[in-house]
Structure formats: structure tokens, C-alpha cells
Amino acid sequence: MSTAGREAPAWLLRPEPGLCSCGCVGRRRRGSFLDKTLRGTTVALARVLFDDDEAERDLPLQRVDPAVKIVAAALLLLAAALVHHVVVLVALSLALLGLAAGCGVPAGRLARRVWFTVPAFTAVVVVPATFSFVTPGEVVLPLGTWFGHPVGLTRQGLTAALLLVARVGACLTVALSLTMTTRWDRLLGGARRLGVPRAIVMVASMAFRYLCTLLETVTDLFTARKARTVNPSDATEGRRFVAASAGTVFGASHHLATEVHEAMIARGYTGEPRTLARARVRRVDALWFLGALAAATLALGVDRVVLG
Amino acid sequence: MSSSVEGRRPLLRVAGVSFSYLGRFAALDDVKLSIHEGESVALLGANGCGKSTLLKVLDGLVFPDAGTYRAFGEEITERSLEDDQLNRAFRGRVGFVFQNADAQVFSPTVREEVAFGPLNLGLDRGDAEERVHDVLELLDIAELADRAPYQLSGGQKKRVAIASVLVMNPEVILFDEPTAALDPRSTRWLVELLGELRRAGKTIVIATHDLERLPAMADRSVVIDEAHRVVRDGPTAEVLDDRELLEGANLADQA
């Protein structure tokens, strides 16, 4: 074999030993943190990017103007933040789940997204608050004594923790109901109509658009490295790789940004984004807004007046 | 230059243009070129010879370090394009289809993407919507109108990128490596589209090193060598017959 007039070295012409001829196998190793993180991020992002099925359906909630939906969601979030009774927050979450289910969003998936995420992220914050040395009160689950005083989980601590979890859950249900029934470009269009500066909307829109492209670059870099790695790398080496590839990704994103800007200028862009979207508030929008206002008022009324 | 262009109006004229990136990496060296109305011209050269840079000069995206560039009789400089009227007129008359469709397809949906040019050039929403509808139908991508760019295949992105330029109805369309990374069916579609555009009287400039499909894409070929200079400008058939020239410009290998 020769290339460009040069003979290939002898080692290149010899086959390398592959699998052991006796058929024995080696010790299995678990994937690295890097592998898992990248795979997890890719799957999560792909889910967000490609899960437009519900948002594209022609159902009442999907038909509501995105600007109206954002205002309605803000009202419900405000109500959830002000309510002090777990039962009201749970009722609000269930009502939204039912509404979303009626509008084509699989209630099970929405509930899983909320109730798998909330305990995991809020537990770190709320667990210490349930102990008697953080929230003093009536100990309902004793864990021992400290200078003669019972130490454990208190009723007051558990109530506060439950309220926080229920509140975060209700807020997340509101936010996910909004994002799962509204395509992100319409959502950004709605934000624009509510007065969010054009530049911010444009940057957010393009960041979302190119997130996928850049993640693809990172995944390609990692895959190319993995394809040439025999021994799984340890965590330190993985971190070194991430640091080194950050430069490459930065270079790639800079090149892409330059090209995108040129492509915009080539079609007459002078700094003022223009879109086809028109503001149209219809009956369904007014109804949705009034419904959200009524729900928020009802939640606060029951919380403050009925339950005290 | 082909004798068939005699009597036709020169649209784009590059005279003695040199350009280097960061003042160190030469991309063009004393390039002279005239593109006439209705011509289809291929810029041929190996990777890195400066074809894409020349297209960017022709589209007023980068500006020469030396030499001049005139389009439709007006000198195109960074300063002259600050004039809103000239900028709008120039951008409306020259369209650029980038090699990397990902860079060109940046809007949230295909419909918004195709409408980007007309809206920025001052068309009202109604007219822009009508044009978008027509061009999506023409390129057979109407069903993609509400899709997001990341949901499209490479071939579909290329169609959207072309639609986003055609919708502005430019007189001159610049294509950077149009057949690169396309599957055979998309390539055939693209070559046929170029033929239709040529028959419709559009002026086409293509940067390519795809010699196989060259005769179907361009009547005239301009060869740029690895020293970033124009070494030949003539009818495509004659250029393709000159084996020594093609090998010298690294467009063909000794078989």
C-alpha cells in the first residue's frame, strides 16, 4: 500500500489483535459521568424540542392567544404563591391537570413531569426544615433526645415542607400546562406582544433554535473520542475533555453566529426583526382570561375566607 | 468570457479585488470578474481557494481590502450600504443561498423563515404571506410551513433556504456549493431548479467543485487556483476539456 508516493509503514499493514480467540470476555465497566450527562441532556433536549404534538393540536387551550395565555398563567402563578393551604394548591393542580388532559395533554405525563421533579429538587431545601432544631414545635416523629429534649420531625416543619412542595408543584403545573399547549415560537411571539423587547425575544428564539445544533457538535465530539477510546476514562479525564472541547464548541458557535448574521443581512435585516404574527384577541382568548381570573380569585377566596 | 454575453448588461463587476482574513490569510488576489444579465456562471476551485469569499464579496457581506466592486452600476462598500435605500435595493436584487443551510434557516418556523426577506425588504404582511404561499407551493414544501427548522432533513432545509431567497425575487442568485451534502434525488431536483431559474432569465452564480453536474448548472466557468487568482474564464465545455488547467487548480487528479 502506498499513498502520495510513500510506502505505508509495516505496522499499518499488520492486523491488530482483536477479541481473544478463546472467546472469553473482559470485565464490564459502567459508562462515565460524561457519557451519562451528555446522553441525558440530549434526550431531555430532544424531548423538549420535538414534543410539539400536543401544542399543535387544534383544541381550545391550544387555540388561545399565547399573550393571553401568558397573562393567565401569571395570574395563576400569583394565586399559587399567595395561597397558604395545601388543599387549595392541590385542588388548583388537579383542576389544571384535568383541563390539560381535556385539551390533549396526557395527564399522566404532565403529572409525572411535575411530581417526579418537585420532590427531587425541593427535598434538598425542605428536609432540614422539618427537623425540630430548624422549625421548633410538636415532635411527631422522634429521632432521639438532645440534652433531655426530644429531637425529630415536627408537625410545623412537616406542614411548612408540604406547603412548599405543593406550591412548587402547583406553579410547575401552571408553567408546564402553558408550555405543553403552546409552541415555543408562538410563546415568544406572545411575550413580544406583551412588551418584551424585540432583541430579547430574537436572542431567545435563536438560542433555542441553535441549542440543538451546538449539542449535536458536542455529541459528535464526544462520540468521535469514544470511538477511539479503549479503556473507559475516569472522571478527571472526562472533566479535562469537557474543558478542552469547550474551546472547540465556542469556535464552532462563533462561526455559526457569524454565518447566521450574514444570512440575515443578506436578506435585508437591519436590526429590526419583523414577523408575520398579528395580534388577534378573540372570544376564546377573553373566555380563557376570565376563567383564569376567576380561578385565581376563587383559590384566594377559599384560602383566605373559607379556610381562614 | 463567453461571446454569448455580448450586448448584455453587466450586473456585477469586480475589479482587482484582493481580500485576506485577519490581514494574514489570503482568500482573493487581484480578482477581476464581470457577471452579465441572464448568465449562469460557475466559480470553480479547490477547497480554500476563495470561492465562498468571492460570493460574499458579490453579496456585500465582506468588503475587499483592495480593488472595487460595483453592482448595478453602484459601487458597493461598507459605507455605501449604510444608505438604507441602496441597501434595500441591493439586497432585494441579489440573493444568497448559503452552503450551510443550518445557518440560513434560523426562524422559528418555515413560514416565518421564508417571510423574513420580504418583510425586511418592506413588503406588507399580506403581500409577504401571498409570496410565501406561492414559493412554498412552487418548491413543493407547503406541508412544511408550520414546522420548526430542527425538524427538517438536510434536503428539506436546503429547499427552505432556496425558498427564502426566491421569495425575494432577486435578479441575481448566488449559490455556495449547492449540491454539497445532498442525496441524489435532492441533487437532481436542485439541478433541475437551476435550469428553470436560468430559463426564467435569472442570473446565477454558483461556487462549486462538482464537475460532474457542472454543464447542467453553468454556461460559463471561472477557475480560481490555490493562489486565490482567477486563472481561466470561459465557456464551461472548454474549461472542462482543459485537463491541465483542472489538475493545476486541484479540481481534477491525474487519473
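Proteins get letters first, then strands, A, B, ... in listed order; numbering begins at 1 in each.
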Looking at [X] and [Y], what are the two nearest heavy atoms and their distance?
| X | Y | value |
| --- | --- | --- |
| A:G268 | B:L121 | CA-CD2, 4.0 Å |
| B:R91 | A:A266 | CD-O, 3.7 Å |
| A:R183 | B:T109 | NH2-CG2, 3.0 Å |
| A:A263 | B:A103 | CB-O, 3.7 Å |

Given B:D102, B:L61, B:N100, the one that forms side-chain contact (heavy atoms from CB on, under 4.5 Å) with A:E259: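 In the set B:D102, B:L61, B:N100, the residue that makes a side-chain contact (heavy atoms from CB on, under 4.5 Å) with A:E259 is B:N100.
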Among B:A128, B:P149, B:A161, which residue has the highest count of heavy-atom pairs closer than 4.5 Å to chain A? B:P149
I'd like to know which of B:D146, B:D59, B:V165 tops the heavy-atom pair count under 4.5 Å against chain A. B:D146
Side chain, backbone, both or neither: which part of [X] has a non-hydrogen atom closer than 4.5 Å to chain A?
| X | answer |
| --- | --- |
| B:F98 | side chain |
| B:V94 | backbone |
| B:E113 | both |

Crowded around B:E130 CD? As in, over 12 foreign heavy atoms under 6.0 Å?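 No, CD of B:E130 has 12 or fewer neighbouring heavy atoms, counting only those of other groups under 6.0 Å.
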Does CD belonging to B:E143 count more than 12 external heavy atoms closer than 6.0 Å?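 Correct, the count exceeds 12.
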Got A:E262 and B:F96 here, is their nearest side-chain heavy-atom distance under 4.5 Å? no
Any side-chain heavy atom of B:F116 within less than 4.5 Å of one from A:M264?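 The answer is yes; the side chains approach within 4.5 Å.
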